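Before any comments, here is the structure.
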There are 2 protein chains.
Amino acid sequence: MNKRQNKITIVDVATEANVSFGTVSRVINNDIHVKPETRERVQQTMERLNYVVNRQAQKLAGGRSNVIGLLVPDLGTGYIGEIIRGIDSELTLSDYDLMLYTTHRTASKEAGYVFSLAQDMVDGILLVLPRNPVDYTGTLAKKKFPFVLIDHQGTGKDCPAVGASNWQGAFNATDYLIQLGHKRIGFITGSLDLGAAIDRLDGYKTAMRTRHIPVESDLIYEGTFAQPDGYTGTIQFLNVEQPPTAIFASNDCMAMGVIDAIRDHGLKIPDDISVIGFDDIPQASLVRPALTTVQQPLEQMGRLATQMLLEILTDTDSKPHRIELPTQLMIRDSTAKPKAVQANREVIP
Amino acid sequence: MNKRQNKITIVDVATEANVSFGTVSRVINNDIHVKPETRERVQQTMERLNYVVNRQAQKLAGGRSNVIGLLVPDLGTGYIGEIIRGIDSELTLSDYDLMLYTTHRTASKEAGYVFSLAQDMVDGILLVLPRNPVDYTGTLAKKKFPFVLIDHQGTGKDCPAVGASNWQGAFNATDYLIQLGHKRIGFITGSLDLGAAIDRLDGYKTAMRTRHIPVESDLIYEGTFAQPDGYTGTIQFLNVEQPPTAIFASNDCMAMGVIDAIRDHGLKIPDDISVIGFDDIPQASLVRPALTTVQQPLEQMGRLATQMLLEILTDTDSKPHRIELPTQLMIRDSTAKPKAVQANREVIP
DNA sequence: GTGAAAGCGCTAACAC
DNA sequence: GTGTTAGCGCTTTCAC
């Protein structure tokens with residue numbers, strides 16, 4: 001048949017269809033300047049020959065590669081998985097392919113990957129939980145290279161991004177605990193180099209202050225979003241003079257650690273201590289007691305970001321905007337009134 | 001500086017370093033025929049100019065693309081996530097990039113993707129939980145296109161594959177239940193078009209027969225590996241004349257459904273009914289009671305498969321082999337002796 | 001409307 | 001050892 005490796009190229013199609021290969025290219029790219037009959041004939045030939053375009057060649061010749069790059073910090077948590085699901089389901093509807101990169105939480109790799117991808121590999125980039133986007137957003141924007149940031153706030157720059165209202169979520173969760181009657185509320189932060197972590201801490205503090213409850217430094221433990229932090233933070237809280245009656249972990253993973261620590265201390269949830277998380281990962285509703293937490297619309301964030309990127313890809317100068325999706329407090333079984341309040345109730349009347 | 005879009009090519013590097021661009025190509029490909037000094041000079045120039053190879057062009061020109069394709073059924077379960085983690089961590093050590101495709105459980109898409117990828121996009125393909133590999137393994141093998149199957153058994157063909165000992169795992173789990181004293185053990189199957197599902201069912205049946213316990217058809221429910229199947233299967237079991245004292249679900253997702261159903265019926269685990277799963281997904285140890293399950297070394301499977309692929313990639317005619325990793329019964333809190341046995345204990349002595 | 005020709009950035013075969 | 005050359009499969013002028 002053909003030279004080697006039964007690879008079908010536009011040349012093969014062209015010969016078979018009795019046209020020049022330039023015309024075949026036009027058909028592929030839906031160019032208007034092709035006679036309908038010719039187009040029809042070429043398309044049939046392509047099908048008959050099982051022709052598939054070579055995207056490398058397409059991209060190299062100056063076209064699009066139809067590949068978008070996805071940069072994530074890691075694959076360890078269900079958190080990222082949810083976002084990827086959203087991206088994937090949206091991408092499946094288009095005909096873009098996905099190139100996945102993991103920075104393994106190494107901030108320094110980030111910019112390197114981004115530039116390498118932007119140079120020629122992909123048509124656009126999606127960045128989940130970027131560590132230091134300032135390193136490259138400027139350059140990317142200058143080159144007019146399409147990209148969207150997912151779950152990142154904090155850069156003053158206005159670049160395309162989708163996130164969740166972390167501040168509001170943390171505020172609401174804290175306020176809910178206060179309304180239950182809690183006054184001593186321990187807070188375990190995420191990595192404070194991440195905007196989301198800062199916003200959550202901020203929401204907690206503001207809620208406390210709004211209700212005139214002092215924010216005490218020994219009730220704030222600095223974590224990194226990893227499960228063990230929840231454990232050690234809790235241990236530390238349990239050792240302060242007047243331990244908290246509720247603990248708010250900046251994500252569900254750490255909340256799991258909190259739960260373990262409380263249990264290991266022979267205390268009961270929510271009777272002795274209430275626990276609240278953030279994210280609403282699939283496990284949250286599965287653990288017993290089911291975890292009260294702040295739900296982030298992760299999958300939807302992935303979806304939206306992808307839609308934005310696709311839009312930028314087609315309409316080159318659509319202005320960048322930042323979308324913030326609402327978070328939602330999911331009240332389940334790990335939170336209750338503090339014992340003191342329960343006792344009061346019985347005594348006072 | 002250069003023509004357009006400040007893209008640095010080998011030509012730029014060549015001019016800067018005063019060599020021909022062929023030499024630069026040699027340096028890139030670690031060709032031996034380059035004088036050490038020249039190599040050094042070229043490498044420095046590449047760094048100074050921030051040069052990055054264009055992989056599209058590399059692949060097009062007949063070289064490798066340094067991209068491997070990963071085909072997964074979907075991203076919904078932690079199951080696939082674990083495998084991907086293994087793949088990713090192994091790939092990070094090499095300098096291959098990852099292209100991710102989701103078939104969304106559409107078996108028909110599988111072969112299409114595979115051929116499209118194999119045509120030119122990637123150097124090798126990793127297939128997780130393939131639905132009907134027979135459609136393409138033959139062709140791929142004939143073309144000598146590198147690929148590895150993950151978590152699939154059943155094709156008589158001997159193609160490179162890594163899986164887990166599903167049969168043995170199911171046998172052991174069932175036997176464990178029998179030894180606890182259970183005789184009526186409900187079994188919920190996975191999608192029986194998957195080799196793994198068949199093997200697990202088989203392991204269950206064999207264990208029962210080995211211990212001379214009849215395999216009853218109303219204690220076998222045909223599921224699809226999805227959580228709701230666990231729920232409906234359990235409801236059905238609970239309605240048979242003599243309900244099972246233990247339920248073995250073919251994966252942890254379905255086991256979660258089983259747990260819900262049992263709870264909704266006001267029964268306790270493991271007191272009234274023991275539950276056992278398969279896979280040991282992260283949630284398994286997190287739910288209460290912690291789920292007894294058969295652990296599959298998912299991450300390791302991903303790792304191993306990747307190593308195999310990389311090996312095939314470098315050593316073109318390494319003979320294909322199939323690796324089967326051992327499964328391991330993780331005994332936790334969702335299994336116990338059946339009530340009857342517990343009662344007997346107290347009465348007989 | 002269609003064909004011909006010039007690259008895109010690179011590898012690999014062949015010279016010297 | 002290093003330079004030269006011919007493609008890889010495609011897009012995109014520019015002719016006609």
Side-chain angles (χ1 to χ4, degrees), chain A residues 2-43 45-46 49-67 116 118-123, chain B residues 2-43 45-46 49-67 116 118-123:
Chain A
N2 20 356
K3 306 154 207 175
R4 56 191 198 100
Q5 288 267 45
N6 53 23
K7 296 221 188 211
I8 311 286
T9 75
I10 40 172
V11 180
D12 299 314
V13 177
T15 350
E16 279 287 316
N18 272 315
V19 289
S20 78
F21 73 87
T23 303
V24 178
S25 174
R26 286 191 191 93
V27 173
I28 292 171
N29 294 289
N30 284 315
D31 192 309
I32 331 148
H33 308 293
V34 182
K35 213 197 302 181
E37 310 149 39
T38 318
R39 177 185 306 282
E40 180 67 18
R41 185 152 40 92
V42 171
Q43 272 167 340
T45 318
M46 295 201 304
L49 261 43
N50 258 317
Y51 169 76
V52 196
V53 289
N54 182 328
R55 296 196 163 178
Q56 333 273 337
Q58 253 184 334
K59 177 74 177 179
L60 189 58
R64 322 167 318 170
S65 68
N66 267 1
V67 177
S116 164
Q119 172 124 101
D120 34 45
M121 296 286 275
V122 301
D123 296 339
Chain B
N2 21 0
K3 306 155 208 175
R4 56 190 198 102
Q5 286 266 46
N6 51 26
K7 296 220 188 213
I8 311 286
T9 74
I10 39 172
V11 180
D12 298 315
V13 177
T15 346
E16 279 287 315
N18 274 313
V19 289
S20 77
F21 75 87
T23 303
V24 178
S25 174
R26 285 191 192 94
V27 173
I28 293 171
N29 295 290
N30 284 315
D31 192 309
I32 332 149
H33 309 292
V34 183
K35 211 197 306 179
E37 312 147 38
T38 317
R39 176 187 305 280
E40 180 65 17
R41 185 153 40 90
V42 171
Q43 272 167 339
T45 319
M46 295 201 303
L49 262 41
N50 260 315
Y51 169 77
V52 196
V53 289
N54 183 328
R55 296 195 164 178
Q56 333 273 340
Q58 258 183 329
K59 177 73 175 178
L60 189 57
R64 324 167 315 171
S65 68
N66 268 4
V67 177
S116 164
Q119 174 123 102
D120 33 45
M121 296 286 276
V122 301
D123 296 339

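Within every chain, numbering begins at 1; the chains are lettered A, B, ... in the order of the sequence lines, protein sequences first and strands thereafter. As the structure is a computational prediction, the values presented were derived from the model and not from experiment.
Regarding contacts with the backbone of dT11(D), a side-chain N or O of S25(A) is found under 4.0 angstrom from either OP1 or OP2. Contact check, N54(B) against dC10(C): no side-chain N or O comes under 4.0 Å of OP1 or OP2. For the pair S20(B) and dG3(D), the criterion of a side-chain N or O lying under 4.0 Å from OP1 or OP2 is met. Listed pair T23(A) / dT2(C) fails the phosphate criterion, with no side-chain N or O lying under 4.0 Å from OP1 or OP2.
Of the candidates dC10(C), dG3(C), dT2(C), dT2(C) carries the atom nearest the V34(A) side chain, counting heavy atoms from C-beta on. Listed nucleotides dT2(C), dC10(D), dC8(D) differ in distance to L60(B); the shortest reach to its side chain belongs to dC8(D).
Rounded to an integer number of Å, the gap from M46(A) CE to dC10(D) C1' is 14 Å. Put simply, CD on Q56(B) is 15 Å from P on dG9(D), counting in whole angstrom units. Atom-to-atom, CD of Q58(B) to P of dC8(C) comes out at 18 Å; the value is rounded to the nearest Å. Going from atom NE2 of H33(A) over to atom C1' of dT11(D) covers 14 Å, rounded to whole Å. Atom CZ in R41(B) sits about 15 Å away from atom P in dG1(D), given to the nearest Å. Remark: P of dT2(D) and CG of N18(B) are 13 Å apart, rounded to the nearest angstrom. Nucleotide dT13(D) holds its P atom 12 Å from the CG atom of N29(A), rounded to whole Å.
Mapping F21(A) and T38(A) onto DNA chain C by nearest heavy atom places T38(A) closer to the 5' end of the strand. Both P36(A) and I10(B) lie near DNA chain C, and the one whose nearest nucleotide falls closer to the 5' end is P36(A). Sequence order on DNA chain D of the closest nucleotides to R39(B) and K59(B) puts R39(B) first from the 5' end. Between R55(A) and D31(B), the residue whose closest nucleotide on DNA chain D is further toward the 5' end is D31(B).
Side-chain contact between K59(A) and D123(A): present, with at least one pair of heavy atoms (C-beta onward) separated by less than 4.5 Å. Contact check for T45(B) versus Y51(B): no side-chain heavy atoms found under the 4.5 Å cut-off. With a 4.5 Å cut-off on side-chain heavy atoms, Q58(B) and R64(B) do not count as touching. Side chains of L60(A) and N54(B) form a contact here, defined as non-hydrogen atoms less than 4.5 Å apart.
The residue R26(A) sits close to a base: some heavy atom pair falls under 4.0 Å.
When the side chain to side chain donor-acceptor pair (under 3.5 Å) test is applied to R26(B), no partner is found at least two apart in sequence or on another chain.
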